[in-house]
Amino acid sequence: MRKKIVVGNWKMNNTIAESIELATEIAEKVGTGIICCEVGIAPTFLALHEVGKVIEWSDIRLSAQNCHYENDGAFTGEVSARMLQSAGCSYVILGHSERRQFFGESSAIVNRKVKKALAEGLKVILCVGETLQEREAGITESVITGQVVEGLDGVSDISNVVIAYEPVWAIGTGKTATSAQAEEVHASIRATVAGLYDATAADHLRIQYGGSVKPSNAVELFSMPNIDGGLIGGASLNAEDFMAIIKAAC
Ligand code: PEP
């Protein structure tokens, strides 16, 4: 039985003080002893260390939203996986469509990041997703398969990997994939992973759905057999909504 995982991606929102306030509110709601689902929050880099201290007593895991593929060196403005470890992160989100779209991250770059983050002991949330044009052209499955295969190239052990399926057309748009649309892609990702690794690895792999998940649609999405929780953007900025989504996973 896979344990569901719900992670809040705060994106470029909240100052350090605001992040601490929101994290405190969420930690009070989540507390300890949540056994039905793993919970994480991904604040801005700047707030990671402070937020880590605020949530330390709770079951919430600290996640970053990105990292570089080298540990140190002349990479102005970048943050490494080793630095994230030292800030208290357990997870890092990699290959988010906003990174791919706005910052030119190819699957090859995402793959280098995945390998470095895993080598540094971080767990990885590898994001994949098709654009609206790709869906309309009927190539969703091949696009997603390509992103999964390239993202995991050279990764021998996927026990510390979570895949997040996030259709680009559903992120921050208020349009959610139907549970049937999402389930179809999740099942195909699991089949791809079974082919790349084996049936056991595929069965253990958690695949989150992301794209306008809200308290009102979370129960239905999370009840699908291959949907193991969610990567939550907008709704994770409100502690009550985020908590309602966590409860939907239980
Ligand atoms: C995301 O950024 O990962 C996301 C799913 O955003 P939203 O929930 O706002 O669509």
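Order of listing sets the numbers, starting from 1, for every ligand and every atom in it. All values below were derived from every heavy atom in this structure, side-chain atoms included, with hydrogens, water molecules and symmetry-related copies excluded.
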With the side chain counted from C-beta on, respond yes when Lys214 and Thr176 share a heavy-atom pair under 4.5 Å apart, and no when they do not.
yes
For the residue pair Lys11 and Glu98, establish whether any side-chain heavy-atom pair is separated by less than 4.5 Å.
yes
Any idea which part of Ala170 is under 4.0 Å from ligand 1, heavy-atom wise: side chain, backbone, both or neither?
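For Ala170, only backbone atoms sit under 4.0 Å from ligand 1.
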Heavy atom of Cys127 under 4.0 Å from ligand 1?
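No, that is not the case, since the closest heavy atom of the residue is not under 4.0 Å from the ligand.
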Check for me whether Lys11 has a heavy atom closer than 4.0 Å to any atom of ligand 1.
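Distance cut 4.0 Å: Lys11 passes for ligand 1.
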Closest to atom 10 (O) of ligand 1 (judged by heavy-atom distance), picking from Ala42, Gly172, Gly230
Gly172
Can you find an N or O of [X] that's nearer than 3.5 Å to an N or O of ligand 1?
X      : result
Ala235 : no
Ile171 : no
Glu98  : no

Among all protein heavy atoms in this structure, tell me which lies nearest to atom 3 (O) of ligand 1, with the distance rounded to 0.1 Å.
Glu166 OE2, 2.6 Å
Any idea which protein heavy atom is nearest atom 8 (O) of ligand 1, and the distance to it?
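Going by distance alone, atom 8 (O) of ligand 1 is nearest to Gly233 N, 2.9 Å.
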Going by the order shown, which atoms of ligand 1 are within less than 4.0 Å of some heavy atom of [X]?
X      : answer
Leu231 : 3 (O), 5 (C)
Ser212 : 7 (P), 8 (O), 10 (O)
Gly211 : 5 (C), 10 (O)
His96  : 1 (C), 2 (O), 3 (O)
Gly234 : 7 (P), 8 (O), 9 (O)

Return yes if some donor-acceptor pair links the side-chain N/O of [X] with the main-chain N/O of [Y] below 3.5 Å, else return no.
X      : Y      : result
Glu50  : Ile20  : no
Arg190 : Ala202 : yes
Asp59  : Gly33  : yes
Arg206 : Lys3   : yes

Can you check whether Cys250 and Cys36 have SGs under 2.5 Å apart?
yes
According to a 4.5 Å side-chain heavy-atom criterion applied to Ile, Leu, Val, Met, Phe, Trp and Tyr, with indirect links allowed, do Leu84 and Ile125 form part of one hydrophobic cluster?
no
Please test Phe45 against Gln65 for side chain to side chain contact (heavy atoms under 4.5 Å, CB included), starting from the C-alpha separation and ending with a verdict.
CA-CA 8 Å; Phe45 284 136; Gln65 302 173 18; 5.8 Å; no
